[in-house]
Number of protein chains: 2
Amino acid sequence: MTDINDHSLSALKSRRANRDRGFDDEPRVKAASDSDLIGMAEMLFFAYRDFISDPDTDLSALGFGRAHHRVLHFVNRHPGLRVADLLDILKITKQSLGRVLKQLIDQGYIAQEAGQADRRERLLYPTERGRALAERLITPQLERIARALQAAGANGDQAVRDFLQTMVGSSERARVADLIAHGRERNAKRWTPS
Amino acid sequence: MTDINDHSLSALKSRRANRDRGFDDEPRVKAASDSDLIGMAEMLFFAYRDFISDPDTDLSALGFGRAHHRVLHFVNRHPGLRVADLLDILKITKQSLGRVLKQLIDQGYIAQEAGQADRRERLLYPTERGRALAERLITPQLERIARALQAAGANGDQAVRDFLQTMVGSSERARVADLIAHGRERNAKRWTPS
DNA sequence: AAAATAAGTCAACATGACTGACATAAACGA
DNA sequence: TCGTTTATGTCAGTCATGTTGACTTATTTT
């Protein structure tokens with residue numbers, strides 16, 4: 001995977017200066033807020049790409065991928081989660097989940113047991129091994145977020161939280177907020193930015 | 001795709017209340033900032049999922065997918081982009097790009113021409129058709145973002161921008177900022193939240 | 001007892017990414 | 001001038017993760 005080199009972006013700039021004359025039909029100062037929106041969209045794309053890439057090496061070393069991470073994460077956050085709950089949170093099919101879940105169970109990261117009130121259900125729990133892995137996978141991600149929140153400034157946390165919450169579709173917003181509010185806490189020491 | 005029903009989340013809550021006794025080794029008030037970080041991570045996951053889902057129906061109707069959208073978007077933002085530039089921005093292989101790009105070219109959304117300074121290069125331009133499509137695909141996404149920025153409050157824009165910029169890995173940050181700063185503006189009317 | 005439900009499995013397919021190899025045209029540098 | 005390097009394109013195969021459809025078993029509900 002090659003680096004972006006300065007040459008290529010500089011070339012992009014000078015090339016743009018020469019070629020955009022025919023495309024701009026309004027002066028640059030015009031659409032500042034539109035530019036902000038597109039900029040935000042692009043930043044979100046790049047930000048998320050880096051965020052989800054953090055655990056990849058660890059995952060790959062275990063023969064796992066991002067789907068495994070997601071499953072493990074939410075089971076760890078909500079021990080006792082039913083399969084149907086997980087399907088609903090992740091918005092994937094049971095076939096898709098089944099493949100990944102089976103691997104996590106077979107390899108000892110997740111345990112399952114039949115429900116007591118309803119024996120059809122399968123309740124999912126992280127094993128100690130699973131909790132340790134979930135912790136290891138999320139740590140770099142949380143470091144990234146903590147760093148970014150620091151950059152957001154004194155009241156930035158709230159703004160970012162409001163932004164992200166509102167980015168979630170209105171029909172899901174309350175449910176997502178509820179899910180997040182009731183997730184099991186980490187046992188790790190409190191992380192502080194270095 | 002079934003809805004999350006209130007029953008299932010309430011069951012989750014009461015089940016947690018009964019089952020977490022054995023897992024919590026510290027009172028809930030303890031890890032507030034860790035909980036914030038994990039909450040942010042989860043919100044980012046859900047937010048991004050909704051954000052990238054916005055154009056899916058339109059894309060699917062054309063027999064396209066998200067990869068097509070990404071390619072079209074960046075070509076539209078940077079007319080005259082070289083293939084190598086695109087590879088670098090998207091961080092994918094040329095084989096991966098080739099498949100999608102060929103379809104966009106074949107179907108008239110992107111035009112390409114050899115460079116003048118270096119005839120080996122292929123410079124990519126959106127056609128009128130491509131620009132219209134790029135506009136159509138991104139509009140709901142920008143609406144989502146504008147809405148979310150409004151929720152972020154008076155100075156929220158800056159906090160969110162700083163957050164997202166810092167979420168991008170430090171080695172890429174300046175380049176991403178530069179790329180965004182030099183993107184071609186939209187020609188659409190300014191969007192205002194309803 | 002019949003119908004509905006939770007989960008599990010089989011199978012095939014799609015999207016979008018990867019690796020490796022090879023080819024052609026163009027540019028570069030000795 | 002010529003050998004080397006570079007930009008792009010293509011072929012081929014593989015993989016991760018998602019989808020659809022169908023079917024099964026055990027359990028719960030009506």
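Just so it is clear: chains get the letters A, B, ... in the order the sequence lines come, proteins before strands, and each one is counted from 1. Values reported hereafter were calculated over all heavy atoms of this structure, with side chains retained and with hydrogens, waters and symmetry mates removed.
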> Do the side chain of B:His182 and the main chain of B:Asp178 share a donor and acceptor less than 3.5 angstrom apart?
Replying inline: yes
> With distance as the sole test, does B:Asp50 use its side chain to make a donor-acceptor pair with the main-chain N or O of A:Gly169 at under 3.5 Å?
Replying inline: yes
Ionic contact status for [Y] with [X], cut-off 4.0 Å:
X        : Y        : answer
B:Glu42  : A:Arg70  : no
B:Asp118 : B:Arg82  : no
A:Lys91  : A:Glu172 : yes

Check the interface with nucleotides 7-9 of chain D: list each N/O to N/O pair with the protein under 3.5 Å, or write none.
{"from": "D:dT8", "atom 1": "OP1", "to": "B:Arg122", "atom 2": "N", "distance (Å)": "3.4"}
{"from": "D:dT8", "atom 1": "OP2", "to": "B:Ala84", "atom 2": "N", "distance (Å)": "3.2"}
{"from": "D:dG9", "atom 1": "OP1", "to": "B:Gln112", "atom 2": "OE1", "distance (Å)": "3.4"}
{"from": "D:dG9", "atom 1": "OP1", "to": "B:Gln112", "atom 2": "NE2", "distance (Å)": "3.3"}
{"from": "D:dG9", "atom 1": "O6", "to": "B:Lys94", "atom 2": "NZ", "distance (Å)": "3.0"}

Is the shortest side-chain N/O distance from [X] to OP1 or OP2 of [N] below 4.0 Å?
X       : N      : answer
B:Ser96 : C:dG16 : no
A:His68 : D:dA16 : no
A:Thr93 : D:dT19 : yes

>> For a quick check of understanding: with a heavy-atom distance under 4.0 Å over all strands, which category does B:Ala117 fall into, base, sugar-phosphate or nothing?
In response: sugar-phosphate
> So what does B:His69 touch, heavy atoms closer than 4.0 Å: a base, only the sugar-phosphate, or nothing?
Replying inline: nothing
Within this structure, what is the [atom1]-to-[atom2] distance between [X] and [N], rounded to whole angstrom?
X        : N      : atom1 : atom2 : answer
B:Ile92  : C:dT15 : CD1   : P     : 16 Å
A:Arg99  : C:dA7  : CZ    : P     : 19 Å
A:Ile89  : D:dG18 : CD1   : P     : 14 Å
A:Lys102 : C:dC10 : NZ    : C1'   : 13 Å
A:Arg119 : C:dA7  : CZ    : C1'   : 13 Å
A:Ile110 : C:dA7  : CD1   : C1'   : 15 Å
A:Leu97  : C:dA7  : CG    : P     : 10 Å
B:Leu104 : C:dT15 : CG    : P     : 14 Å

> Taking A:Pro55 as the fixed residue, which of A:Gln141, A:His73, A:Arg66 is the one that meets the side chain to side chain contact (heavy atoms under 4.5 Å, CB included) rule?
Replying inline: A:Gln141
> For A:Lys94 and A:Val83, what are the C-alpha separation, side-chain angles and deciding distance, and is it a side chain to side chain contact (heavy atoms under 4.5 Å, CB included)?
Replying inline: CA-CA 8 Å; A:Lys94 68 177 183 275; A:Val83 167; 5.6 Å; no
> For DNA chain C, what residues of residues 43-67 of chain A have any heavy atom nearer than 4.0 Å?
Replying inline: none
>> For B:Phe51, give me all partners under ring-ring contact (aromatic ring centres under 6.0 Å, His included), at least two apart in sequence or on another chain.
In response: B:Tyr48
>> Side chains of A:Gln158 and A:Arg161 only: does a donor on one sit below 3.5 Å from an acceptor on the other?
In response: yes
